[in-house]
Amino acid sequence: MTLLFVDHEFICLLTVCNSILSSIDCVNVFLQKKKTMTVCQTAKMVQGLIKEITDLRNNRIQVLFQDAEQIIVKMNISPSFLEKSKKSKKMDFDESADEWNVSAKNNCIINLKNVCDVLLTHLDWRFETLNNVSLDFSFLTGSELFEKETGELVKAAADLALKYNKDLNASELTEEIIHFKHHAISSLPKIKSTTPLELIKYSMANIFPNICIALRLYLTLPCTTSTCERSFSKLKLIKSYLLSTMNQKKLFDLALLSMEKEISNSIDFNSVINDFAKLANSCVYRMLFTYSILKPQKIGNCKILHLTCPKITISDIKDIFQSEESERIIVASVA
């Protein structure tokens, strides 16, 4: 079967685009699956992606073209770029003919480099805020605490306190970071590889309260929007046509269970049932029991067997809610 519009240029473009999209997909999948990623780690991964695409633009296009030529040979396609007819154009006095007589291969390379430039520009613009936040909190990592001088840490802490002045006290944070640096270096043997999550366990909220708040801010900042996007996808699956009359609370609870399925799957339902069964002596049981007496069901397991039973009075209801002895009698009669 002959493929239409498949030529040398198409295979080369496909090979380069496949390399670019594969690099982006690896970072995308890793960021979505790893829930313990911090802002600094995410920024480093994005910077690595930008460097990889920059290297592809500057050095690897010719190598990818050679890989494309091997595919072209296997597909029995003509190993040459199709030269398109060029229209004559009046040139200015400072232009040369060589600027317009560009081969089809060089023109393809120029177009690919333009695509890479646009992609790099958008990556820089899209993750500019993430990089700025990463720089603000970078001094709260183990390696930075070990390598940076005290003056640099104090300056970084003061800048952070100015941006989050409602949560952090600038004078207290700058003083705490000096003591925290020496305490962490002396107490943590592997300070260079210590993560912010491990630092917050050591930060001692009663001694370094502002550092503890800063670490909590740092660790709770979202790295991606995949969780928010995933919630809308789950809502669309849960609230279907048959469940269109579901109230807000039930919809929220079901969506939360669906989004956090790893936690919900790990729950032992037998222990949940046992905990609920222990509520037999609580107010919940008394309310359900009273409701079953006031409005008994006409069918099912709770139907009235004796129509001559005396009616319940207000004093009986008070005894149900207040008397422990009455409660034990009710439980025993039900059992």
Side-chain angles (χ1 to χ4, degrees), residues 10-68 71 108-138 140-144 193 195-198 200 215-239 254-266:
F10 178 80
I11 298 298
C12 290
L13 291 173
L14 199 63
T15 305
V16 175
C17 291
N18 178 62
S19 179
I20 295 173
L21 294 177
S22 298
S23 303
I24 296 173
D25 184 64
C26 290
V27 177
N28 181 36
V29 171
F30 187 81
L31 290 178
Q32 290 192 29
K33 287 189 175 181
K34 186 116 184 211
K35 296 184 178 180
T36 57
M37 289 285 291
T38 60
V39 176
C40 288
Q41 292 173 337
T42 306
K44 289 178 181 178
M45 291 203 66
V46 174
Q47 290 298 324
L49 176 63
I50 292 174
K51 291 179 180 179
E52 184 177 357
I53 296 175
T54 304
D55 178 65
L56 184 146
R57 179 200 181 279
N58 297 331
N59 306 317
R60 292 178 50 218
I61 290 182
Q62 293 290 350
V63 177
L64 292 173
F65 273 27
Q66 294 175 4
D67 296 340
I71 300 173
C108 179
I109 293 174
I110 292 171
N111 292 333
L112 284 172
K113 288 187 176 182
N114 290 336
V115 170
C116 292
D117 291 336
V118 173
L119 182 59
L120 291 171
T121 303
H122 278 274
L123 283 173
D124 287 331
W125 170 76
R126 180 78 180 268
F127 294 98
E128 181 181 2
T129 304
L130 180 69
N131 292 328
N132 293 335
V133 174
S134 174
L135 291 175
D136 292 337
F137 287 93
S138 61
L140 291 174
T141 58
S143 58
E144 294 289 327
S193 60
T195 62
L197 189 61
E198 294 172 347
I200 198 172
L215 285 169
R216 288 179 180 177
L217 290 172
Y218 175 48
L219 292 171
T220 53
L221 287 173
C223 299
T224 62
T225 60
S226 58
T227 304
C228 303
E229 295 170 0
R230 195 177 293 116
S231 64
F232 286 103
S233 302
K234 292 295 183 181
L235 286 175
K236 187 177 179 181
L237 295 174
I238 294 171
K239 193 166 185 178
L254 289 176
L256 187 63
L257 286 173
S258 180
M259 286 183 287
E260 302 295 341
K261 63 178 182 180
E262 295 179 359
I263 300 176
S264 60
N265 291 337
S266 63

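We count residues from 1, following the sequence as given.
Applying the side-chain contact (heavy atoms from CB on, under 4.5 Å) rule to Val115 yields no partners; only residues at least two apart in sequence or on another chain are considered. Evaluation of the side chain to side chain donor-acceptor pair (under 3.5 Å) rule for Asn58 yields no partner, not counting sequence neighbours. The ring-ring contact (aromatic ring centres under 6.0 Å, His included) search around Phe137 returns Tyr164, Tyr218, not counting sequence neighbours. Under the side-chain contact (heavy atoms from CB on, under 4.5 Å) criterion, Glu128 pairs with Asn132, not counting sequence neighbours. Residues passing the side-chain contact (heavy atoms from CB on, under 4.5 Å) test with Val118 are His122, sequence neighbours excluded. Annotation: side chain to side chain donor-acceptor pair (under 3.5 Å) contacts of Asn265 (sequence neighbours excluded): none.
Within the 4.5 Å cutoff, the side chain of Leu64 has heavy atoms near those of the Leu56 side chain. Under the 4.5 Å side-chain criterion, counting only non-hydrogen atoms from C-beta, Ser264 is in contact with Leu257.
In this structure, OG1 in Thr54 is found 9.0 Å from CG in Leu49, a value given to the nearest 0.5 Å. The distance from atom SG of Cys40 to atom CG of Leu135, rounded to the nearest 0.5 Å, is 8.0 Å. Between the CD1 atom of Ile50 and the CE atom of Met45 there is a distance of 12.5 Å, given to the nearest 0.5 Å. Considering OG of Ser134 and NZ of Lys44, their distance stands at 7.5 Å, rounded to 0.5 Å.
For residues 110-120, the pairs satisfying side chain to side chain donor-acceptor pair (under 3.5 Å) are Arg57-Asp117, with sequence neighbours left out.
Not one N or O on the side chain of Ser258 forms a donor-acceptor pair closer than 3.5 Å with the backbone of Ala255. A donor-acceptor pair is defined here as one N or O able to donate and one able to accept, closer than 3.5 Å; such a pair exists between the side chain of Asn131 and the backbone of Phe127.
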After noting the C-alpha distance and the side-chain angles of Phe30 and Thr42, does the key distance pass the side chain to side chain contact (heavy atoms under 4.5 Å, CB included) rule? CA-CA 10 Å; Phe30 187 81; Thr42 306; over 6 Å; no
Name each donor-acceptor pair under 3.5 Å that joins a side chain in residues 12-23 to protein atoms two or more places apart or in another chain, with its distance.
from  : atom 1 : to    : atom 2 : distance (Å)
Thr15 : OG1    : Ile11 : O      : 2.8
Ser19 : OG     : Arg60 : NH2    : 3.3
Ser22 : OG     : Asn18 : O      : 2.6
Ser23 : OG     : Ser19 : O      : 3.0
Ser23 : OG     : Glu52 : OE2    : 2.7

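Residues Thr141 and Ser138 approach most closely at OG1-O, 2.9 Å, considering heavy atoms.
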